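Okay, so here's the structure we're looking at.
Everything quoted here is computed from the prediction, not taken from an experiment. In what follows, every heavy atom counts, from backbone to side chain, and hydrogens, waters and symmetry copies are set aside. Counting convention: from 1, in listed order, for ligands and their atoms alike.
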Amino acid sequence: EAKADGRATWRFFDPRMQQALDASAALEADLRLALIRQQLYLSYQPVVDRAARVTGVEALLRWAHPQRGEIGPTEFIPQAEKSELILELGEWVLEAACLQLVHWAASAQTAHLTMAVNVSARQFRQPGFIDQVLMVLQRTGADPRLLKLELTESMLLTDMDDVIGKMAALRGHGVGFALDDFGTGYSSLRYLKLLPIDQLKIDRSFVQDMLHSRHAASIVRAIVNLAYSLDLAVVAEGVETREQWSALEAIGCTAFQGYLFDRPAPILDADSMVGYASLHA
Ligand code: C2E
Ligand code: MG
Ligand code: MG
Ligand code: MG
């Protein structure tokens, strides 16, 4: 399919490579516009306790694309991470999440809810990360103790002093930290002891397999035990069935997140505030 292209641009030898570059540049340009045109929004997925009461949510980024419809973060975050655009995007997410916290603070029914926000490697690595978070908190007036930043293991491996310094500084203001997708990365027990984290999130791949794979079940059990011995909270991600939920409870898991309770949604409805205890019946 020959594309009419009148622009005088430098051509790479491999036309497929040029096409890929064009596509990624176009995505980045689109994403910049999306920020300006307010096409980005957050969906919130409840996190529940053993009684299936909602204790908080995780904010998940979405893009309401005018032509393509709703686009999930796995389709555009990796591209945004290739440039400084991720810094702006990350700040937008933090601010939107904190504004939601402030909104929830106004009602007794929602004032206790915690907000988990995913942080990208490049965003966390930037020298101004501490200030970025503190300024958003100050600007919005959100309670830092309700904010939990989700990091992944791979982000923590290099320049440990910088990582620990940043986490400790923010923790000093009350901000919490969770290790996301736990078990899929390189997890050294020594790092876990050094890092000022509050919570491990068991990756959903283990939860999905635990009922038909003894291997996956053993990993889940090991993570829960590890969390207990290090005094960390543990959340199971991707809980889709009652059977998975029961198995996780039996192992000693205390917090859960997944389609069984609710899918991510832009609005937390009154139903979810009551909790999902009826699922137990
Ligand atoms: P994550 O942080 O591990 O988020 C959990 C993902 O699992 C979400 O996908 C969520 O919709 C999905 N999920 C939740 N429950 C279930 C379930 O029961 N079954 C299944 N199959 N999936 C479930 P989503 O929203 O597509 O996000 C994917 C990833 O994109 C996130 O993984 C996170 O790493 C990244 N992400 C999302 N929002 C942001 C953001 O604001 N900033 C950054 N840097 N990354 C983000
Ligand atoms: Mg997450
Ligand atoms: Mg995860
Ligand atoms: Mg993930």
Side-chain angles (χ1 to χ4, degrees), residues 31 34-35 39-48 54 56-64 69-100 114-126 129 132-133 136 147-155 176-185 187 197-211 220 223 233-245 247-248 253 255-266 272 276 279:
L31 205 44
L35 259 174
Q39 293 167 0
L40 300 178
Y41 64 96
L42 295 180
S43 257
Y44 303 99
Q45 185 177 40
V47 178
V48 306
V54 180
V57 301
E58 176 174 7
L60 296 158
L61 187 58
R62 301 287 181 261
W63 178 2
E70 185 186 283
I71 306 181
T74 51
E75 285 186 62
F76 61 88
I77 298 258
Q79 179 61 34
E81 279 212 299
K82 289 182 192 157
S83 76
E84 306 242 303
L85 182 58
I86 191 66
L87 306 184
E88 265 176 83
L89 214 71
E91 182 160 333
W92 184 89
V93 169
L94 268 173
E95 175 135 357
C98 285
L99 286 172
Q100 184 62 256
T114 59
M115 175 71 71
V117 173
N118 294 284
V119 174
S120 87
R122 190 162 179 164
Q123 185 187 359
F124 185 68
R125 284 276 163 217
Q126 65 172 313
F129 182 69
Q132 184 181 55
V133 176
V136 169
L147 182 65
K148 285 190 198 309
L149 300 179
E150 296 196 355
L151 311 176
T152 52
E153 293 162 86
S154 58
M155 298 165 54
F177 285 91
L179 268 191
D180 205 353
D181 306 334
F182 191 76
T184 59
S187 354
I197 49 170
D198 308 277
Q199 188 181 78
L200 301 180
K201 293 190 84 170
I202 305 172
D203 190 69
R204 90 170 175 251
S205 59
F206 303 122
V207 174
Q208 243 142 34
D209 295 344
M210 68 181 291
L211 294 181
V220 172
I223 295 175
V234 60
V235 182
E237 296 189 314
V239 183
E240 293 184 354
T241 67
R242 289 175 196 226
E243 291 73 22
Q244 288 167 347
W245 187 22
L248 287 160
C253 196
F256 315 86
Q257 191 181 340
Y259 294 167
L260 173 66
F261 308 101
D262 239 328
R263 289 183 178 252
S272 28
Y276 303 89
L279 285 171

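Atom OE2 is the N/O/S atom of Glu58 found closest to the Mg ion (ligand 2). The nearest N/O/S atom of Asp180 to the Mg ion (ligand 2) is OD2. The Mg ion (ligand 2) sits nearest to atom OE1 when only the N, O or S atoms of Glu150 are considered.
No side-chain heavy atom of Phe76 sits under 4.5 Å from any side-chain heavy atom of Glu81. In this structure the side chain of Gln199 reaches within 4.5 angstrom of the side chain of Lys148, judged on heavy atoms. A heavy-atom distance below 4.5 Å is not found between the side chains of Leu179 and Thr152.
When non-hydrogen atoms are compared, ligand 1 lies under 4.0 Å from neither the backbone nor the side chain of Leu42. Residue contacts with ligand 1, taken as heavy atom pairs separated by less than 4.0 Å, do not involve Arg263 at all. Looking at Asp181 against ligand 1, only its side chain comes within 4.0 Å, counting heavy atoms. Contact annotation: for Pro264 versus ligand 1, heavy atoms closer than 4.0 Å belong to the side chain alone. Counting heavy atoms under 4.0 Å from ligand 1, residue Gln257 does not touch it at all. Counting heavy atoms closer than 4.0 Å to ligand 1, residue Ile77 contributes side-chain atoms (C-beta onward) but none from N, CA, C or O. Here Asn118 has heavy atoms under 4.0 Å from ligand 1 in both its backbone and its side chain.
If you check the side chains of Tyr44 and Asp262, you find no donor sitting under 3.5 Å from an acceptor. At a cut-off of 3.5 Å, with distance as the only test, a side-chain donor of Glu91 or Gln132 sits close to an acceptor on the other residue.
One finds a salt bridge joining Glu84 and Arg122 here, because a Lys/Arg side-chain nitrogen approaches an Asp/Glu carboxylate oxygen to under 4.0 Å. Taking the charged nitrogens against the carboxylate oxygens, Glu240 and Arg204 have no contact shorter than 4.0 Å, which rules out a salt bridge.
Residue contacts with ligand 1 include Gly238, since one or more of its heavy atoms lies under 4.0 Å from the ligand. Residue contact check for ligand 1: Glu81 places no non-hydrogen atom closer than 4.0 Å to it.
For a distance bound of 2.8 Å, the N, O or S atoms of Glu237 include one lying that close to the Mg ion (ligand 3). In summary, no N, O or S atom of Asp203 is located under 2.8 Å from the Mg ion (ligand 3). Taking 2.8 Å as the threshold, Asp181 does not count as a candidate ligand of the Mg ion (ligand 2), since none of its N, O or S atoms lies below it.
The shortest heavy-atom contact between Gly238 and Val207 is O-CG1, 3.7 Å.
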Step-by-step salt bridge (Lys or Arg N to Asp or Glu O under 4.0 Å) determination, Glu58 to Lys201: CA-CA 12 Å; Glu58 176 174 7; Lys201 293 190 84 170; 2.9 Å; yes
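With atom 20 (C) of ligand 1 as the reference point, the heavy atom nearest to it among Lys201, Glu240, Arg62 is part of Glu240. If you check each of Phe76, Tyr259, Phe261 against atom 23 (C) of ligand 1, the one with the closest non-hydrogen atom is Tyr259.
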